[in-house]
Amino acid sequence: MHLIRKITPDLYYTGVNDRRIALFENVYPVSDGVSYNSYVLLDEKTVVFDTADGNFTNKYLANVAAALNGRKADYLVVSHMEPDHSASVKALMNAYPDMKVICNSKSITMLANFFGDISDRAVLVKDGETISVGKNTLKFVFAPMVHWPEVMMTYLVEEKVLFSADAFGSFGALDGNLFAEEKSFEEYLPEARRYYTNIVGKYGAQVQAAIKKLAGVPVDYVCPLHGVIWKKDFAKILAKYLLWADYEPETSTAMIVYGSVYGDTAEAAETLAAFLAERGVRDIKVYDVSKTHYSYLISEAFRVSNIVFASITYNASVFPAMEHFVRELTAHGLKKRSLSIIQNGSWAPVSGAKIKEVLAGWKDSFIVGETVTLNSAVKENTVAELATLADAIVLSMNKPSVETTGTDVSAMFKISYGLYVLTVKDGDKDNGCIINTASQITENPRRVTIAVNKSGYTCELLQKNDLFNLSVLSEKTPFDVFKRFGFASGRDTDKFAGTEKVRSSNGLTYLPEYANAVISAKIVARYDYGTHMLFVADVTEAKILSGDPSATYDYYFKHIKTAPPKAEAKKKGFVCKICNYVYEGETLPPDFICPICKHGAEDFEPLK
């Protein structure tokens, strides 16, 4: 008996589910099993994409035969040589003796290692090479070390289908739903994250290189070797891959992992978690390192910004399960994290120092707070130290995770910025603000990012509304526009009062008089970066309004902003470089915030 699924009129899913497997690669628990995905393309030439685990060869061959429907197999494309995808290669070759095997110089060596010399049936391809199979063209995209050296993806040019090998895959058998949009992304995400972080996570740079190769390539279907096929929801998993590959945390929160024997270190961990929750930290996770398989802990470590290691001292070192976890994280190349330590020891606590030695090798990471030391049990002074540590952790979530000593803030103004009015609507209310950070990140799909200050009303509205307009301001924009949209809050001001509202097709306002272009977009992803939210959005409409040059931050300072008032005789103070607000006094407090534009002391200069 066979079970196949139609993806497009000419493309079929011929994979199999493995629900009996307990440990993937004999390492990772997979309580929901795993799928071994394979695909068959019917064209003038027929193409089989990958095979299946050897325990399912007969089932797999039946599926391929059903998809071919009496035709012979002309080509087998070998994307990845790991046996869960290649173990049935020899059986398929025997079933179709005229079939050619498309592979590369690295995979043909591995094929010979597993199955003997197949060079007489091999078609060797190079990176970027194409093969026509009729109305469809196969283009081969090498992705070395994602996560084996021979890995290659195949792009079906006319159908816009990407066969992505292990990329964008997941643990878990397919429960009937073949496409990602048929499942809840939030429910599917944890196992997709655990799969990536444990199987591919070490190779972030190689993943970034592979994604860069595919930048701008139109994709309607992404067909991985494990898990669901991505269509409309591909942008969601791609956004996660971009974070994971760069080792950026998904969210500002903490995981606390403890190694405890008699419960005292566990109590310290629970106490710290409570303190963090009381200080407003959400989505905290606490784990017993002895009970939770390390693959789940690694997955969680890629999600969070802060990791707390709480370990007893064991044999004058670290608790074994904790030591294993720390070294596994290190082996996976995790970086860009804020790290804290709790140690316990009845006579010679040294676990903290031992953990810190390993963490010292992590890139772009830093220790938050002092190590909290327990001597056997949690005491009153321990509680106070845990409270102090909680304060430090919360503070770290709103600060950059790199050392900024010696940074000249004025150097940041050398970056070229544009100026835009960002508009959004909430019910019947229109609102807008000035932003200076907007950029296009992909051509297809046409996608932009904007960064918006979290303290602003516009950012608040964008948290619950997906649509926005971006008016690109020209050099003809008067200073009054900047005062209207940049120096007042929409919470208590109607920024469009007294103006004739002009709307784009999405129903939102824009500024036709002073903008040279307007871009309408729909948000597809939101990321919290402390002081600002980063929004990723698909462009839904864009049009040119004039041929006037775009205003830059530099142009604004030199030509648009009104001159600051001249200082009276013997008058001392500081003027805001953004809005010209004057603070009178001998010294400017370092924590001073401009009451008009909300910029800090770094944007003030002495009155001249």
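The residues of the chain are indexed from 1 along the displayed sequence. Both backbone and side-chain heavy atoms feed into the values below; hydrogens, waters and symmetry mates do not.
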Chemist: Strictly below 4.0 Å, N to O, side chains only: are K213 and D127 in salt-bridge contact?
Modeler: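 Here K213 pairs with D127 in a salt bridge, since their nearest N and O are under 4.0 Å apart.
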Chemist: About how many Å separate CG of D74 and CE of M99, when rounded to the nearest 0.5 Å?
Modeler: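 Those atoms lie 10.0 Å apart.
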Chemist: Closest approach of F325 and I298, non-hydrogen atoms and distance?
Modeler: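 F325 and I298 have their closest heavy atoms at CE1-N, 4.1 Å.
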Chemist: Taking the six-membered ring for Trp and the single ring otherwise, decide whether the centroids of Y39 and Y13 are under 6.0 Å apart.
Modeler: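 Between Y39 and Y13, the centre distance is under 6.0 Å.
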Chemist: Cation over ring, K231 on F179, under 6.0 Å and within 45°?
Modeler: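 Yes - K231 lies over the ring of F179, closer than 6.0 Å to its centre and within 45° of its axis.
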Chemist: Decide yes or no on side-chain hydrogen bond (donor to acceptor under 3.5 Å, both in side chains) for W244 and T197, but give the supporting numbers first.
Modeler: CA-CA 8 Å; W244 298 335; T197 56; over 6 Å; no
Chemist: Salt bridge check, D175 against R19: does any charged N sit closer than 4.0 Å to a carboxylate O?
Modeler: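 A salt bridge is present here (some side-chain N lies under 4.0 Å from a carboxylate O).
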Chemist: Let me confirm one number: the CD1-CD distance from I229 to E182, rounded to the nearest 0.5 Å.
Modeler: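 The distance works out to 9.5 Å.
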Chemist: Verify the distance criterion only: is there a donor paired with an acceptor across the side chains of Q206 and H147 at less than 3.5 Å?
Modeler: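 H147 and Q206 do not have a side-chain donor-acceptor pair below 3.5 Å.
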Chemist: Would you compute the distance between atom SG of C103 and atom CG of L124 and round it to the nearest 0.5 angstrom?
Modeler: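 Answer for the SG-CG pair, C103 versus L124, is 5.0 Å.
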Chemist: Can a salt bridge be assigned to the pair K336 and D246 using a cut-off of 4.0 Å between side-chain N and carboxylate O?
Modeler: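 Here K336 pairs with D246 in a salt bridge, since their nearest N and O are under 4.0 Å apart.
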Chemist: How about F163 and H80: are their ring centroids closer than 6.0 Å?
Modeler: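 No, ring centres 6.0 Å or more apart.
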Chemist: Show, in sequence, the C-alpha distance, side-chain angles and deciding distance for S38 and T51, and conclude whether the side-chain hydrogen bond (donor to acceptor under 3.5 Å, both in side chains) test is met.
Modeler: CA-CA 6 Å; S38 171; T51 69; over 6 Å; no
Chemist: Taking the ring centre of each residue, are F171 and H226 less than 6.0 Å apart?
Modeler: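 Between F171 and H226, the centre distance exceeds or equals 6.0 Å.
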Chemist: Tell me whether the guanidinium CZ or amine NZ of R194 lies under 6.0 angstrom from the six-membered ring centre of Y28 and within 45° of its axis.
Modeler: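 No, a cation-pi geometry is absent between R194 and Y28.
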Chemist: Looking at E44 and K135, does any basic side-chain N land under 4.0 Å from a carboxylate oxygen?
Modeler: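 Here E44 does not pair with K135 in a salt bridge, since their nearest N and O are not under 4.0 Å apart.
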